Number of protein chains: 2
Amino acid sequence: MNDKLYQIGQLAKMAGTNVDTLRYYETAGLVNATRRSASGYRLYSEQDAQRLYFLLHAKKVGFSLKEIKQLLGLRLHKDEHTCEEVKHYTGAKISEIEAKIADLEKIKQALESLHMACCGGGESAENCSILSTLEDPDTFKHTSDK
Amino acid sequence: MNDKLYQIGQLAKMAGTNVDTLRYYETAGLVNATRRSASGYRLYSEQDAQRLYFLLHAKKVGFSLKEIKQLLGLRLHKDEHTCEEVKHYTGAKISEIEAKIADLEKIKQALESLHMACCGGGESAENCSILSTLEDPDTFKHTSDK
DNA sequence: ATAAACCCTTAAGTAGGCTCTAGGGTCAAG
DNA sequence: CTTGACCCTAGAGCCTACTTAAGGGTTTAT
Ligand SMILES: [Zn+2]
Ligand SMILES: [Zn+2]
Ligand SMILES: [Zn+2]
Ligand SMILES: [Zn+2]
């Protein structure tokens with residue numbers, strides 16, 4: 001069940017990207033089409049699509065294609081790595097993600113105080129109460145990085 | 001109070017980046033040094049540093065320098081925009097950030113189930129219970145984008 | 001007063017991630 | 001059986017965000 005296949009143009013539209021990018025991802029070894037039609041058209045399965053969605057979401061939040069390739073590849077070449085390595089890698093990535101979330105929460109808070117302070121009216125923002133938030137050095141204090 | 005100034009090298013080290021990048025950010029209009037020494041050395045204030053930290057954190061979570069420039073610029077050229085515009089922009093960015101956080105939470109969950117399922121031992125990961133999670137199309141289902 | 005460790009500028013080069021061009025097949029509709 | 005909307009490949013080109021190079025001042029320490 002669910003053996004529906006998509007042509008490259010359909011998948012591109014579904015995913016909000018374009019065909020060139022999909023072909024590029026193929027050459028980069030990121031998302032391959034399950035098979036080709038008799039005439040050589042790429043045919044993507046639902047799984048291929050899921051893989052692409054994962055990629056696009058991960059990209060959106062700042063992972064490089066190289067990192068994404070590793071993430072997507074966790075289930076592959078299982079025989080080439082020990083469980084210890086796998087566990088170490090996933091643990092590190094999880095911390096990384098937690099740090100990213102924390103960063104986003106802070107940026108969000110800064111924007112929210114701007115957003116709420118602003119009256120939203122049609123007048124010039126010259127006297128807008130926005131001023132203080134981003135100007136305040138404490139708005140986004142540096143705690144610890146890396 | 002707190003009128004400490006940093007040379008470019010110090011700031012670069014503090015921020016975990018390097019001097020070339022800081023000079024680049026200057027040419028890109030992102031982070032300027034408050035002033036120059038008699039001999040032309042850039043001298044960064046604590047506020048300049050905060051601005052840089054904001055930039056670096058925002059970059060880490062996938063914002064482009066162009067977007068970051070806008071974020072950092074919200075408090076500038078206040079006279080050129082209406083409160084309405086400001087409010088609209090911040091509102092849109094906040095939604096964007098919420099979507100990013102949601103994406104990260106999903107990726108995190110997927111990695112966490114991998115992480116917990118794996119025994120972490122020294123044997124080959126060939127029979128590792130990792131298999132199912134990333135292979136399952138539902139792991140990162142496409143809901144709605146853009 | 002000479003080294004070591006900083007700093008400056010301008011300009012060219014690089015890596016990652018697409019995006020476009022050229023030249024050509026494929027397929028459904030009318 | 002042609003037109004329009006797809007698809008293919010190979011390769012060049014482009015944008016972003018740095019990074020390196022070349023040539024040269026400045027500071028601090030011994
Ligand atoms: Zn306002
Ligand atoms: Zn207002
Ligand atoms: Zn395992
Ligand atoms: Zn194991």
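Computed from a predicted model, the values in this text were never measured in an experiment. Residue numbers start from 1 in every chain, and the chains themselves are labelled A, B, ... in the order their sequence lines are given, proteins ahead of strands. Reckoned from all heavy atoms, side chains included, excluding hydrogens, waters and symmetry mates.
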What nucleotide, of [options], holds the atom closest to the side chain of [X]?
X: A/N18; options: C/dC18, D/dC7, C/dT19; value: C/dT19
X: B/L65; options: D/dC7, C/dT9, D/dC18; value: D/dC18
X: B/Q7; options: C/dC7, D/dC18, C/dT9; value: C/dC7
X: B/Y24; options: D/dC8, D/dT19, C/dT26; value: D/dT19
X: A/D20; options: C/dG17, C/dC20, D/dT27; value: C/dC20
X: A/S64; options: C/dG17, D/dT19, C/dT26; value: C/dG17

Whole-Å gap separating [atom2] ([N]) and [atom1] ([X]):
X: B/E67; N: D/dC15; atom1: CD; atom2: C1'; result: 15 Å
X: B/Y25; N: D/dT16; atom1: OH; atom2: P; result: 14 Å
X: B/I8; N: C/dT9; atom1: CD1; atom2: C1'; result: 12 Å
X: A/L11; N: D/dC6; atom1: CG; atom2: P; result: 15 Å
X: A/K59; N: C/dC18; atom1: NZ; atom2: C1'; result: 9 Å
X: A/L56; N: C/dG17; atom1: CG; atom2: P; result: 13 Å
X: A/L22; N: C/dC18; atom1: CG; atom2: P; result: 10 Å
X: A/R23; N: C/dG17; atom1: CZ; atom2: C1'; result: 16 Å

- Would you kindly say whether A/E46 and A/Q50 are connected by a side-chain donor-acceptor distance under 3.5 Å? yes

Are [X] and [N] close enough that a side-chain N or O sits under 4.0 Å from OP1 or OP2?
X: B/T21; N: D/dT19; result: yes
X: B/Y41; N: D/dT27; result: no
X: A/S39; N: C/dC27; result: yes
X: B/R42; N: C/dC8; result: yes

- Does A/L65 share a hydrophobic cluster with A/F63, counting links as ILVMFWY side-chain heavy atoms below 4.5 Å and allowing steps through other members? yes

- Message: Looking at A/K100 and A/E67, is any side-chain nitrogen of the basic one under 4.0 Å from a carboxylate oxygen of the acidic one?
- Response: no

- Query: Ion pair present between A/K87 and A/E84, side-chain N to carboxylate O less than 4.0 angstrom?
  - Reply: no

- Task: Please step through side chain to side chain contact (heavy atoms under 4.5 Å, CB included) for the pair B/L71 and A/L111, ending with a clear verdict.
- Result: CA-CA 9 Å; B/L71 288 172; A/L111 284 179; 3.8 Å; yes

- Task: Could you check A/S37 against A/K66 and say which one's nearest nucleotide on DNA chain C is further toward the 5' end?
- Result: A/K66

- Whichever of A/E26 and A/K13 has the more 5' nearest nucleotide on DNA chain D, that residue is A/K13

